[in-house]
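First up is the structure itself, then whatever we jot down about it.
Treat the numbers as computed from the prediction; the structure is a model and nothing was measured. Sequence positions, counted from 1, serve as the residue numbers for this chain.
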Amino acid sequence: MSEQQRILEMIEKGQITAAEGMELLEALNVTKEAETLQKVETVTTAKRNYKFLRVKVTSDDNSVNVNVNVPIRLLTTIGEIADKMTTIVPADARREMEAKGIDISSIDFARIIEEIINGTLDDPNIVDVEAWDESHKAMVKVKVYVD
C-alpha cells in the first residue's frame, strides 16, 4: 500500500483531519521531488574526466613489460577508424583468440571510445586478460584501462 493511500485511510477513519492529511501529502510530494533531484544530480556527477587510455602488458618472469599511454584527446581521431580496429589485429592472432572464445569482431570499439570521451564509461577497466606463455613458462597479463 502506498503512503498516499495510508494517509487517505487515516483521514477516512478519522485518525487525522483533512487539513493534516493535506499537509502530509504535500510533505510526501516534496520528499519525492527531493529524491528525484538527488538521483539526477548523482547521475550527472558520475561523469568522469579520463585523461589516458593505458595498456599494460607484464609477465611473471619479467620477460614482457610494456606500458602504452594514449591521451584521451587522441581517441577522437581513433574513434573515426574504430570500425576498422579488428583489421589491425593479425589474422593468426584473431584465429587464436577465436579458438579461445574471444571474438573481437563483436566488440563495439566505437561505443567504448565514445563512452571514454564522454566520461560515461561505467567501469574504467576495459580489458583484463591473463594468458600462459608456454615458451617462457610465465603468466602474461594484459590490462587496458582509463584513468
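Rounding to the nearest 0.5 Å places CD of E20 at 11.5 Å from CD1 of I7. N49 CG to D147 CG: the interatomic distance, rounded to the nearest 0.5 Å, is 11.0 Å.
Evaluated for a side-chain contact (heavy atoms from CB on, under 4.5 Å) with L28, the options E3, R6, E23 yield exactly one hit, E3.
The neighbour count for E96 CD, taken as heavy atoms of other residues, nucleotides or ligands under 6.0 Å away, does not exceed 12.
For the pair F52/V146, no side-chain contact is recorded, criterion being any heavy-atom separation below 4.5 Å from C-beta on. Taking 4.5 Å as the limit, every side-chain heavy atom of K141 sits out of range of all side-chain heavy atoms of V129. Contact annotation: the side chain of Q5 never approaches that of L8 to less than 4.5 Å [non-hydrogen atoms, C-beta and beyond]. Here the side chains of I126 and I116 are in contact, with some heavy-atom distance below 4.5 Å. Between V140 and T58, every side-chain heavy-atom pair lies at or beyond the 4.5 Å cut-off.
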Test side-chain contact (heavy atoms from CB on, under 4.5 Å) applied to V55 and V127, step by step: CA-CA 9 Å; V55 180; V127 176; over 6 Å; no
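Across every non-hydrogen atom of P124 and L121, the tightest pair is CA-CD2, 4.4 Å. Closest heavy-atom contact between I11 and G21: CD1-CA, 3.7 Å.
The salt bridge (charged side-chain N to carboxylate O under 4.0 Å, His left out) contacts involving residues 118-130 comprise nothing, where partners must be two or more places apart or lie in separate chains.
Under a 3.5 Å cut-off, the side chain of N118 and the backbone N or O of T120 do not form any donor-acceptor pair.
With sequence neighbours excluded, the residues satisfying side-chain contact (heavy atoms from CB on, under 4.5 Å) with E26 are M22.
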Please output the side-chain donor-acceptor pairs of residues 64-74 that fall under 3.5 Å, not counting sequence neighbours, one pair per line with the distance.
from	atom 1	to	atom 2	distance (Å)
N69	OD1	R54	NH1	2.8

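Taken together through direct or relayed side-chain contacts under 4.5 Å among Ile, Leu, Val, Met, Phe, Trp and Tyr, Y145 and I113 form parts of separate hydrophobic clusters.
Between D133 and S135, the side chains place a donor N or O and an acceptor N or O closer than 3.5 Å (distance only, hydrogens not considered).
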